[in-house]
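Some notes on the structure that comes next.
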There are 2 protein chains.
Amino acid sequence: MLSVDVVNIWTYVSTMTRSEPRPYHHGNLRQALLNEADRMIRSSGVEGLTLRRLGARVGVSRSALYRHFADKRALLIAVATDGFRSLREKLVEAWERGGRNPEAFRAMGAAYVEFAVRNPSHYRVMFGGFLDPEARNPELVSEGGGAFQALVDAIATLQRDGYARLDNPVLLARHAWAVVHGVAMFGIDAQLREPGALEELAEFSIEQLRAGLARTRKE
Amino acid sequence: MLSVDVVNIWTYVSTMTRSEPRPYHHGNLRQALLNEADRMIRSSGVEGLTLRRLGARVGVSRSALYRHFADKRALLIAVATDGFRSLREKLVEAWERGGRNPEAFRAMGAAYVEFAVRNPSHYRVMFGGFLDPEARNPELVSEGGGAFQALVDAIATLQRDGYARLDNPVLLARHAWAVVHGVAMFGIDAQLREPGALEELAEFSIEQLRAGLARTRKE
DNA sequence: ACCTGAACACCGTTCAAGT
DNA sequence: ACCTGAACACCGTTCAAGT
């Protein structure tokens with residue numbers, strides 16, 4: 001009816017008659033903001049991301065952003081959620097392409113470290129505690145859980161095929177996560193400056209991890 | 001001569017004649033600021049620490065702080081430096097009190113995780129990347145290196161006594177640090193909510209670590 | 001629906017001035 | 001030596017108003 005047209009008439013009018021001081025973002029503004037936030041975090045770190053500069057870069061007023069995100073934390077949560085989704089994809093790909101065997105498990109560990117080192121600021125948003133655990137955003141929890149589940153599934157498969165000890169796979173996955181997370185942090189903090197040092201550590205730690213999972217319950 | 005007295009006369013005058021609106025901090029202001037910053041970080045996290053509130057809590061004007069720290073980053077570096085010193089003390093104590101043997105090595109790992117979990121905000125300042133690696137504050141680097149050296153020394157001793165494989169002790173120490181760091185991060189992010197889950201993981205991971213170090217070079 | 005502009009309360013930091 | 005008070009340039013966030 002009429003009301004439907006009224007709803008969109010401003011869009012029509014503005015696109016047809018405005019002297020184009022700024023193009024409107026129709027529905028893709030959210031994604032444009034996320035993309036630009038990604039770029040800013042990548043180049044200047046989380047502390048370099050301010051909503052005002054983000055808006056200016058996208059070509060939008062200060063408050064336009066609040067149509068799509070409740071506040072800055074909500075935007076960071078969205079960034080972290082995307083990061084977890086991307087990480088899970090990388091992990092699953094390495095595991096499946098490697099043939100779901102102990103060697104593929106090592107490839108999965110290497111993929112984890114690589115993701116963190118190639119996206120350090122992203123990784124910090126995901127694990128740096130900027131997002132207080134009270135902010136239990138369901139999508140974030142679900143996406144983070146999905147990435148962790150990829151590890152649990154891989155370990156359960158190794159167990160089924162006789163490659164891994166039969167402890168609780170969740171405990172084994174937590175241990176595996178701790179190892180790769182620790183290695184990744186070493187790499188991110190750039191405390192390993194010597195070329196090859198991170199690769200050496202990653203290889204060693206992941207091999208230690210694999211051998212430890214293979215070790216029988218009582219040594 | 002006269003100039004010496006002139007230098008301190010204001011202190012004399014102010015302590016004797018002022019109607020005590022605010023007590024002066026003679027030389028201990030720096031420590032008072034660090035102590036209060038510690039308390040604020042502990043209760044509200046790093047993002048809860050603002051220089052203005054810090055000054056107000058200590059009872060000092062906004063700019064007084066700049067007599068002791070170049071800027072906010074310098075204050076955080078000082079906090080991190082203290083943290084590393086404290087951590088090293090805890091590690092060395094656990095190692096020596098335990099008798100410098102494999103069991104003591106486990107105690108050292110547990111002490112590490114305990115330090116992180118009991119001082120989560122401190123720990124984040126130390127490792128959260130708030131301090132960009134470019135800011136190579138010599139004291140911070142030295143104190144952080146000291147804590148790491150405690151690990152290297154312990155592993156070298158284990159090697160000498162036939163308890164650990166003979167790889168490069170620095171590599172072994174990096175691996176050990178990665179493991180306990182990863183476990184600590186799990187605990188800090190409170191992703192392990194179930195009671196006892198963190199203890200279970202810490203015990204498992206540290207035992208994996210110890211067994212891995214004991215394993216001979218070629219399994 | 002989507003955006004603007006001004007305003008508010010808060011930052012870190014500086015600097016001339018005070019005791 | 002140590003501190004104050006005002007100022008500057010920046011934040012995140014809100015809200016009435018515009019198209």
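Below, read A as the first sequence line, B as the second, and so on, with proteins coming before strands; counting in each chain starts at 1.
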| task | List the protein contact pattern of nucleotides 7-13 of chain D with one symbol per nucleotide (5' to 3'): B for base contact, S for sugar-phosphate-only contact, - for none; contact means a heavy-atom distance under 4.0 Å. | result | ----BBB
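In this structure, the CZ atom of R30(A) is 18 Å from the C1' atom of dC3(C), given to the nearest Å. Atom CG of N28(B) and atom P of dA1(D) are 17 Å apart (whole Å).
Side-chain rings of F84(B) and F148(B) stay apart, their centers remaining 6.0 Å or farther from each other. In this structure, H175(B) has its ring center at least 6.0 angstrom away from the ring center of F186(A).
Every residue meeting the salt bridge (charged side-chain N to carboxylate O under 4.0 Å, His left out) condition with R118(B), not counting sequence neighbours, appears here in chain and number order: E114(B).
Side-chain atoms of R124(B) do not come within 3.5 Å of backbone N or O of G45(B) as any donor-acceptor pair.
Contact record, V125(B) with A80(B): CG1-CB, 4.1 Å, taken as the closest heavy-atom pair.
Base pairing in DNA chain D yields stems of at least 3 consecutive Watson-Crick or G-U pairs, both distances under 3.5 Å, namely C:4-8 with D:12-16, C:12-16 with D:4-8.
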| task | Would you sort out whether L91(A) and F115(A) count as a side chain to side chain contact (heavy atoms under 4.5 Å, CB included), showing the intermediate values? | result | CA-CA 9 Å; L91(A) 295 181; F115(A) 174 87; over 6 Å; no
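Between K90(A) and E93(A) there is no salt bridge, since none of the side-chain N atoms of the basic residue sits less than 4.0 Å from a carboxylate O of the acidic one.
Surrounding CD of Q149(B) are more than 12 heavy atoms belonging to other residues, nucleotides or ligands, all under 6.0 Å away.
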